[in-house]
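Each chain gets a letter, A, B and so on, in the order the sequences are listed, and its residues count up from 1. What you see is a predicted model, and the numbers here were worked out from it, not measured in a lab.
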Amino acid sequence: MNLQGLNREQRKAAETLEGPVLILAGAGSGKTRALTYRIANLIDHGVAPWHILAITFTNKAAKEMKERVNQLVGESGNDVWVSTFHSMCARILRRDIEKLGYSRSFTIYDDDDQSSVLKELYKTLNIDEKNMNPREVRAKISDAKNRLLGPDEWFAESPRDFRSQQFHDLYSAYEKKLRHSNALDFDDLLVRTLELFADHPPVLESYREKFQYVHVDEYQDTNFAQYSLVKLITHKSRNLCVVGDDDQSIYGWRGADIRNILSFEKDYPDATVIKLEQNYRSTANILDAANQVIAHNEGRMEKMLWTEAEEGDPIRVFCAGSERDEAAWICDRMQQLRMTGHDFGKMAVLYRSNAQSRVIEDMLVRAGIPYRIYGGLRFYDRKEVKDIVAYLRVIVNPSDDASLRRIINTPRRAIGDTTVAELAKHAEQEDMPLFSALVDIPESLSSRPRKCVSEFGDLMNDLIVAKEEMGLLEFVTHLIEKTGLKAQYTRDESDEGKTRIENIDEFLGAVAEYEKAAETPTLEDYLENVALVSDLDNAEFGAKCVTLMTVHSAKGLEFPIVFMTGLEENVFPTGRSVQNDEGIEEERRLCYVAITRAQKQLYISYASQRMLYNQVNYNAPSRFLREIPTRLLDNQLTAKRERSFPAPMESHVYSTPKRQPRYQAAESGHGLGAGRSALGIPGVQKGFTPSAASKMPSGAAPSLFKVGDRVMHRKFGQGTVSEIRGTGTDARVMIHFASYGLKEFVLSIAPIVKVND
DNA sequence: GAATAAATTGTTTTT
DNA sequence: CAATTTATTC
């Protein structure tokens with residue numbers, strides 16, 4: 001194996017093949033590289049590819065690693081198992097779950113399904129939602145499962161009060177319900193796999209035999225269940241190689257236990273510890289800032305990232321008057337960067353919470369900057385798509401009551417709440433799934449509902465038959481037709497109806513794509529994909545679009561130019577986290593992750609006034625900002641502005657005047673560029689539109705429109721800007737529409753975007 | 001039982 | 001503020 005391309009530490013990682021290995025890999029230190037070479041090297045040393053397992057945190061990472069291994073070793077790399085914990089467990093369970101009394105066609109329940117199960121249980125157990133909200137209960141159940149505690153075990157170590165008792169009953173009823181529905185939630189995938197291994201030693205033995213060499217990436221983000229699983233599998237071989245960075249542990253709230261990595265050396269006293277400390281990603285300034293911030297955390301593993309890269313640009317900090325101001329500034333900077341030869345595809349905007357994306361998105365649309373937003377609602381989470389998926393799930397697994405409830409009256413077929421309640425009662429009495437009640441209809445129903453129910457039952461049975469006779473895509477198309485799912489929207493002429501149809505078609509496209517790509521496409525396998533794969537997993541960057549995402553989603557990614565937004569107390573760090581040191585430390589790690597995403601340029605912004613949760617907040621600048629040495633920051637960029645509120649910070653703080661000429665018309669510049677922007681629809685835009693504002697001196701306020709611009713209005717269609725009056729929030733714009741004549745709008749709130757012909 | 005209007009309520013991060 | 005739940009009317 002040629003390991004020439006690796007540095008000394010990376011090479012050591014790739015060459016240490018036996019026994020426990022801990023690779024402490026700082027951000028951007030080439031850990032994936034080290035890991036892929038290690039796998040290739042194992043194969044080179046005669047280890048069969050199918051004896052190697054590599055567990056990653058996301059499907060995207062798995063895909064990437066697979067590709068890179070294949071590059072090194074060729075086709076044989078396909079036999080290496082590279083997957084996430086969840087996918088791996090799903091695959092193991094599909095084989096052997098019958099030993100646990102489930103059927104192989106089990107459904108994987110998402111948050112929504114969990115909630116609807118819980119809500120049902122509230123009714124039957126007579127629990128008031130006011131006392132225990134489903135969200136909290138879901139989190140508690142997840143937490144218990146991550147710690148491998150069943151309802152009784154959980155209760156055993158909880159205070160014996162009424163609430164505990166109530167939660168115990170709920171949890172235990174929830175477990176029963178899922179089992180009856182032949183369904184597993186996310187955490188169950190791990191828990192049940194462990195159960196399978198514990199109760200069926202030969203199965204465990206076979207996997208121990210199979211996975212001689214195990215790798216776990218992002219080890220700092222593993223929870224107790226995952227930790228146990230790894231420990232169990234590698235117990236005999238002891239060939240366990242974990243990779244991680246305690247400074248990047250950001251999933252504590254989801255049960256990840258940072259102690260897993262901190263005490264690896266205690267677990268395996270003979271472990272080889274390798275530190276990857278050379279950073280290949282960022283400029284020295286950016287790395288310096290990251291190091292300084294993270295140094296404020298206590299109890300870290302000892303390491304220090306360094307780089308051979310040049311200093312690079314200083315980090316630009318901007319204090320905006322408001323969140324809108326912040327967004328406008330970002331757009332302006334982006335347009336300037338675009339003018340100096342930086343593609344929009346190189347830029348990313350990172351924020352703490354999804355809620356922050358809206359204003360930025362708005363402003364990007366107005367500026368005509370193409371963007372792509374990740375997170376928020378997944379494609380598969382959209383109503384119309386979930387409906388189709390629910391049908392498919394019921395067909396694969398008729399015991400899936402939650403999905404059946406979802407579709408029993410969608411589209412409307414006159415089976416209302418009372419009828420469903422009647423069916424459910426009957427099913428309960430007979431101890432059978434709800435689906436059976438569609439055929440074995442209770443006596444209590446009168447003729448009209450009875451007829452509706454039996455028609456629906458016939459429809460479903462027809463579909464189950466059809467599924468066996470058709471190809472996947474053919475079948476799904478048939479299903480959408482037969483059920484009238486599409487028909488209910490074709491009548492709807494509104495934008496919403498149209499988007500739904502589009503989404504349905506896109507879903508069919510996804511099915512077609514899957515059918516083409518998969519070796520043996522099955523509906524069951526496709527549904528598993530739907531459950532476990534996120535939008536981000538299929539994302540392709542480098543398109544000519546700006547990327548918008550949360551810091552959490554950005555983990556593992558890198559961008560030449562990064563905008564970190566909302567660096568304010570109560571936002572980043574969040575208000576909730578400041579209550580304890582652990583919370584703050586995790587926020588700080590999150591901040592560290594954000595900074596280290598940047599390769600060349602880093603922009604940080606915060607707003608002195610921010611609309612949050614429907615009220616105006618005046619937050620102090622984030623403490624993390626203060627932790628970056630002033631020498632790394634740029635104070636030239638933002639022009640001197642009068643303070644609108646006292647900022648408790650030092651030299652690099654600048655405030656904006658309350659009235660900012662944000663949207664002032666620019667006299668010079670020509671709207672060059674081609675392409676058009678998609679109106680109103682969040683998501684993808686093609687092409688770009690450099691703004692005239694780009695020519696303005698740095699520090700000047702952005703102006704997004706000028707006289708003569710072609711614009712698109714949500715209602716009036718295309719028009720031309722004929723006049724702009726006033727400044728700041730008072731600014732008005734006159735637009736001439738071919739069909740409506742001249743109209744005046746308040747510039748800051750008008751639903752208009754720039755277009756180019 | 002369904003469609004509409006009114007009221008309420010909640011907001012971190014996600015495999 | 002918007003999304004969801006609840007009340008009201010047909």
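- Regarding A/Asp185, its CG atom lies at a distance of 14 Å from the C1' atom of B/dT14, rounded to whole Å.
- Side chain of A/Arg135, nearest nucleotide from B/dT13, B/dT15, B/dT11: B/dT11.
- Under the 4.5 Å side-chain criterion, counting only non-hydrogen atoms from C-beta, A/Glu587 is not in contact with A/Arg623.
- Summarising the geometry, atom SG belonging to A/Cys241 is positioned 6.0 Å from atom CG belonging to A/Leu35; distances are rounded to the nearest 0.5 Å.
- Picking from B/dT14, B/dT12, B/dT15 the nucleotide with the shortest atom distance to the side chain of A/Glu587 gives B/dT12.
- In terms of phosphate contacts, A/Thr419 brings a side-chain nitrogen or oxygen within less than 4.0 Å of OP1 or OP2 of B/dG1.
- An aromatic stack links A/Trp253 and the base of B/dT13, using centre distance under 5.5 Å and interplanar angle under 30°.
- For the pair A/Asp417 and A/Arg138, both in contact range of DNA chain B, the more 5′-proximal nearest nucleotide belongs to A/Asp417.
- C/dT6 and B/dT11 have their P atoms separated by 15 Å, given to the nearest Å.
- With B/dT15, B/dT13, B/dA2 as the choices, the nucleotide that has an atom nearest any side-chain atom of A/Ser353 turns out to be B/dT13.
- Within 4.0 Å (heavy atoms only), A/Phe57 reaches sugar-phosphate atoms of the nucleic acid but no base atom.
- Computed from coordinates, the A/Asn354 CG to B/dG10 C1' distance equals 16 Å when rounded to whole Å.
- A/Ser553 comes within 4.0 angstrom of sugar-phosphate atoms only, judged by non-hydrogen atoms across all strands, and of no base.
- Put simply, A/Arg358 has no side-chain N or O that comes within less than 4.0 Å of OP1 or OP2 on C/dC1.
- For A/Asp381 and B/dT14, the CG to P distance is 12 Å, given to the nearest whole Å.
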* Stepwise salt bridge (Lys or Arg N to Asp or Glu O under 4.0 Å) check, A/Lys31 with A/Asp217 -> CA-CA 9 Å; A/Lys31 58 158 193 188; A/Asp217 195 5; 3.2 Å; yes

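- In this structure, A/Leu190 places its CG atom 9 Å from C1' of B/dT15, rounding to the nearest Å.
- Taking atom CZ of residue A/Arg448 and atom P of nucleotide B/dG1, one finds them 8 Å apart after rounding to whole Å.
- Below 30°, between 30° and 60°, or above 60°: for A/Phe224 and A/Tyr227 the angle between ring planes is below 30°, a parallel geometry.
- Nucleic acid contact for A/Ser577: none, since no nucleic acid atom lies under 4.0 Å from a heavy atom of the residue.
- For the P atom pair drawn from B/dT13 and C/dT4, the interatomic distance equals 15 Å after rounding to whole Å.
- Regarding contacts with the backbone of B/dA2, a side-chain N or O of A/Asn409 is found under 4.0 angstrom from either OP1 or OP2.
- OP1 and OP2 of B/dT12 both lie 4.0 Å or more from every side-chain N or O belonging to A/Thr550.
- A/Lys555 comes within 4.0 angstrom of no nucleic acid atom, judged by non-hydrogen atoms across all strands.
- Out of B/dG1, C/dT5, B/dT11, the shortest distance to the side chain of A/Thr418 is found at B/dG1.
- Distance CZ (A/Arg413) to P (B/dA3): 14 Å, rounded to an integer number of Å.
- Residue A/Lys119 has a polar side-chain atom (N or O) positioned under 4.0 Å from OP1 or OP2 of C/dT5.
- Taking all atoms of both residues into account, the shortest heavy-atom contact from A/Val389 to A/Val530 is CG2-CG1, 4.2 Å.
- Residue side chain A/Phe186 meets the stacking definition with respect to B/dT15: its ring centre sits within less than 5.5 angstrom of the base's six-membered ring centre, and the planes differ by less than 30 degrees.
- Residue-environment remark: CG (A/Asp581) stays at or below the threshold of 12 foreign heavy atoms within 6.0 Å.
- A/Thr574 comes within 4.0 angstrom of a nucleotide base, judged by non-hydrogen atoms across all strands.
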